[in-house]
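Just below is one structure, and these are the notes that go with it.
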Amino acid sequence: MLLVNSAAPFALLLAVPHNPRSANSCLSKYYYGTHGQQDVFITNDELCVAETAASLFSEGSLVSLPEDVQQLVWLQHDAVDPSLEPATFVDEIDVFLSHISPATSVPDAVVGDEQLVVGNNNVAAPALLHRTESSALISVPSDALGTLDQHLPRFWRASPLPHGPVPFIPVSDDAIERVRTILAQLKFDPAVAALVSNISVPQLRADVRYLTGESPRSTIASRHSFSDGALVAADWLKETFESLGARCELKRFVSGFAPNVICSYEGSEHTTETVLISAHYDSRGSFGSTRAPGGNDDGSGTTALLGIARTIARRGVRFRKNVQLCAFAGEEQGLYGSRYYAQELRERGANLTLMVQADMLAYRAPGEPPQLGLPDRIGTPEVTQLVANVSTIYSPELTVGFTPACCSDHQSFHGQGFPATQVFERAGPIADPMYHNSGDLSDREHYDCEQIKSIAKVQFATLLHVAGFDLVEEDD
């Protein structure tokens with residue numbers, strides 16, 4: 001059933017579970033994006049809302065928006081294991097609102113690696129417009145957007161709504177059929193097995209220790225998107241990928257944020273077809289802490305990309321299709337970096353076969369086997385099935401299942417109509433006790449670099465099968 005929050009109406013906000021069929025409804029022209037696992041629409045067309053509610057949605061929230069709203073932000077509670085559940089919802093939201101209140105003195109900028117909110121004291125107060133047990137809608141000053149994550153309870157994510165409606169772009173039938181063809185042709189390839197097994201666990205461990213600052217060689221104290229450490233990490237990632245044969249650029253998207261690191265391998269065939277694998281290199285620490293090492297979230301996914309790139313270079317892999325390895329920033333503030341890049345690719349008419357995002361690969365709960373979690377709702381089912389089948393062939397040590405943990409940068413590409421999915425560390429909710437915590441280091445119990453390798457093998461094998469490849473050393 002629809003939950004209604006009444007107020008002096010200016011417009012209606014409808015939030016309902018993601019449903020691609022909405023693209024063909026009257027609501028599509030009122031679409032404000034998918035946030036968490038909710039499609040959000042804002043309209044004053046009550047007839048359209050009534051018609052679609054009857055035909056498409058059995059549950060959701062309908063909020064009457066007052067006229068004086070500021071920047072709207074959707075808050076979503078992460079799917080976490082019951083053993084990690086914090087205080088009650090009401091207490092968390094009340095504490096959060098008190099921290100972002102303009103009555104609290106805040107600086108105008110982030111200095112060095114300090115994680116402090118950006119803002120000023122002369123703005124209207126934030127407002128809570130709607131909430132359920134797992135979500136909330138707030139109105140905040142726009143200049144507080146970039147660092148809202150520093151005030152959110154750690155199991156909550158912020159997703160800012162755009163200032164106007166955006167296109168609702170489902171994945172096309174042709175794009176899905178192309179993935180189905182790849183899926184139908186998938187079979188064991190000994191050359192692929194040899195390549196993916198070549199990923200080095202000691203090197204994975206060394207790379208993640210550099211990103212977290214655990215290595216004596218590293219000066220990184222934080223990889224929050226507004227920190228100096230994130231800029232150091234971006235430069236290091238670019239230099240490292242380039243030393244391994246990729247062509248890279250730092251792509252800025254919003255002032256103040258660290259840049260995306262976009263690395264490319266040109267295919268040997270004359271084609272625009274591109275395959276993209278990714279992670280996010282920014283991180284989030286404990287509230288009030290200057291430390292955001294992000295060893296698991298998402299140093300593990302970024303390290304997997306590096307392990308793949310090192311193997312490409314070491315074994316002389318030449319791709320037939322174009323390939324991109326992308327390390328995104330701004331994920332923790334609401335998928336900022338990937339949203340901008342996915343939109344850029346859509347505007348350029350990119351021929352993207354699929355993308356696979358790696359986010360949190362390293363934590364293995366006590367007593368559980370190594371696992372691979374795949375998204376249960378947001379993403380392209382055919383790509384998810386392809387990745388599951390690849391795992392069965394090349395990483396049989398992984399127990400594969402679905403996870404409600406949502407949503408990483410694959411959502412940005414899915415929202416632009418590109419086939420996409422995510423790989424995650426657990427076939428279940430988040431269980432890492434250091435999630436969004438300044439203790440998220442690699443040198444701790446249950447941080448498993450072997451599991452990173454197993455999941456990286458899946459991401460790499462998917463890339464090899466979809467892009468096609470030759471080994472340069474065999475051609476010499």
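Any value given below was found using the heavy atoms of this structure, including those in side chains, with hydrogens, waters and symmetry copies removed. Just so it is clear, the structure is predicted and the values come from calculations on it, not from any experiment.
In plain terms, the two heavy atoms of Tyr394 and Ala461 that are nearest each other are CD1-CB, 3.7 Å. Between Ala329 and Asn260, the shortest heavy-atom contact is N-OD1, 3.0 Å. Summarising the geometry of Lys453 relative to Ser197, their closest heavy-atom pair is NZ-O, 3.0 Å, with the distance given to 0.1 Å. Contact record, Ala79 with Pro429: O-CB, 3.4 Å, taken as the closest heavy-atom pair. Minimum interatomic distance between Arg154 and Pro433 (heavy atoms only, all atoms of both residues): NH1-O, 2.9 Å. When every heavy atom of Ser227 is checked against every heavy atom of Ser222, the shortest pair comes out as OG-O, 3.1 Å.
Between the side chain of Arg178 and the backbone N or O of Asp173 there is no donor-acceptor pair closer than 3.5 Å. A side-chain donor-acceptor contact under 3.5 Å links Thr302 to the backbone of His280. For the pair Gln459 (side chain) and Val356 (backbone), a donor-acceptor distance under 3.5 Å is present. In this structure, the side chain of Arg339 engages the main chain of Gly334 through a donor-acceptor pair within 3.5 Å. Side chain of Gln411 to backbone of Gly36: a donor-acceptor contact under 3.5 angstrom is found. With Asp298 contributing its side chain and Gly301 its backbone, the two residues share a donor-acceptor pair below 3.5 Å. No donor-acceptor pair under 3.5 Å is formed between the side chain of Ser395 and the backbone N or O of Leu398. Looking only at distances, a side-chain donor or acceptor of Gln451 sits under 3.5 Å from a matching main-chain atom of Tyr363. In this structure, the side chain of Ser25 engages the main chain of Ser22 through a donor-acceptor pair within 3.5 Å. Here the side chain of Arg426 pairs no donor or acceptor atom with the backbone of Thr403 at under 3.5 angstrom.
Under 4.0 Å is where a charged nitrogen must lie from a carboxylate oxygen, and between Glu177 and Arg180 at least one such pair does. Ion pairing between a basic and an acidic side chain is recognised when a charged N comes within 4.0 Å of a carboxylate O; Arg284 and Asp297 show no such pairing. Taking a cutoff of 4.0 Å between a charged side-chain nitrogen and a carboxylate oxygen, Glu269 and Lys321 qualify as a salt bridge. A salt bridge between Asp432 and Arg364 is absent, with no side-chain N of the basic residue lying under 4.0 Å from a carboxylate O of the acidic one. By the 4.0 Å N-to-carboxylate-O rule, Arg310 lies close enough to Asp207 to be salt-bridged with it. Using a cutoff of 4.0 Å between basic side-chain nitrogens and carboxylate oxygens, Glu344 and Lys251 are scored as salt-bridged. Electrostatic pairing of Glu214 and Arg205 does not count as a salt bridge here, judged by no charged N lying under 4.0 Å from a carboxylate O.
From Leu244, atom CG reaches atom CD1 of Ile308 across 12.0 Å, with rounding to the nearest 0.5 Å. Note: Asn389 CG to Thr462 OG1 = 9.5 Å, rounded to the nearest 0.5 Å. For the atom pair OG (Ser135) and CD (Gln38), the distance works out to 6.0 Å, reported to the nearest 0.5 Å. Separating the CD1 atom in Ile199 from the CD1 atom in Ile452 is a distance of 11.0 Å, to the nearest 0.5 Å. Arg247 CZ to Ser264 OG: the interatomic distance, rounded to the nearest 0.5 Å, is 5.0 Å. Distance CD1/Ile277 to CG/Leu325: 4.0 Å, rounded to 0.5 Å.
A side-chain donor from one of Asp39 and Thr34 sits under 3.5 Å from a side-chain acceptor of the other. Under 3.5 Å, the side chains of Gln333 and Ser225 contain a donor-acceptor pair of N or O atoms. Counted by atom type alone, Asp149 and His224 present one or more donor-acceptor pairs between their side chains at under 3.5 Å. Residues Asp81 and Ser83 have side chains that bring a donor and an acceptor to within less than 3.5 angstrom of each other. Inspection of the Thr353 and Glu273 side chains reveals an N or O donor paired with an N or O acceptor under 3.5 Å. No side-chain donor from either of His410 and Gln357 sits under 3.5 Å from a side-chain acceptor of the other.
No side-chain heavy atom of Gln324 sits less than 4.5 Å from a side-chain heavy atom of Met355. The closest side-chain heavy-atom distance from Phe402 to Phe424 is not below 4.5 Å. At least one side-chain heavy atom of Asp189 sits under 4.5 Å from a side-chain heavy atom of His465. Looking at Glu331 and Tyr336, their side chains never come closer than 4.5 Å, going by heavy atoms from C-beta outward. Under the 4.5 Å side-chain criterion, counting only non-hydrogen atoms from C-beta, Trp236 is not in contact with Val261. The side-chain heavy atoms of Glu397 and Lys457, taken from C-beta on, include a pair separated by under 4.5 Å. Asn296 is listed as a side-chain neighbour of Tyr447, based on a closest heavy-atom distance under 4.5 Å. Side chains of Leu237 and Phe241 form a contact here, defined as non-hydrogen atoms less than 4.5 Å apart.
A side-chain contact (heavy atoms from CB on, under 4.5 Å) with Glu382 holds for exactly one of Val387, Ile182, Ile176; it is Ile176. Of the residues Ser278, Ser300, Ser408, the one that meets the side-chain hydrogen bond (donor to acceptor under 3.5 Å, both in side chains) test with Asp359 is Ser408.
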* **CA sep, side-chain torsions, deciding dist, call: Leu335, Phe328, side-chain contact (heavy atoms from CB on, under 4.5 Å)** => CA-CA 8 Å; Leu335 314 182; Phe328 295 116; over 6 Å; no

* Quick one: do Leu386 and Leu354 satisfy side-chain contact (heavy atoms from CB on, under 4.5 Å)? Show the steps, please. => CA-CA 11 Å; Leu386 174 65; Leu354 57 81; 3.8 Å; yes

* **CA sep, side-chain torsions, deciding dist, call: Cys263, Cys248, disulfide bond (SG atoms under 2.5 Å apart)** => CA-CA 4 Å; Cys263 298; Cys248 301; 2.2 Å; yes

* I would like to know whether Val179 and Thr380 meet side-chain contact (heavy atoms from CB on, under 4.5 Å); could you show each step before the answer? => CA-CA 10 Å; Val179 176; Thr380 311; 5.8 Å; no

* Could you walk me through whether Phe418 and Ile169 pass side-chain contact (heavy atoms from CB on, under 4.5 Å), step by step? => CA-CA 9 Å; Phe418 295 120; Ile169 309 173; over 6 Å; no

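Taking a 6.0 Å sphere around CD of Glu242, one finds it holds more than 12 heavy atoms contributed by other residues, nucleotides or ligands. In the displayed structure, Glu445 atom CD is contacted under 6.0 Å by at most 12 heavy atoms of other residues, nucleotides or ligands. Atom CG of Asp235 has more than 12 neighbouring heavy atoms from other residues, nucleotides or ligands inside a 6.0 Å radius.
Using a 30° and 60° split on the angle between ring planes, Phe226 and Phe257 fall in the tilted class, from 30° to 60°.
The aromatic ring centres of Phe319 and Phe469 sit 6.0 Å or more apart. Taking the six-membered ring for Trp, His18 and His35 have ring centres at least 6.0 Å apart.
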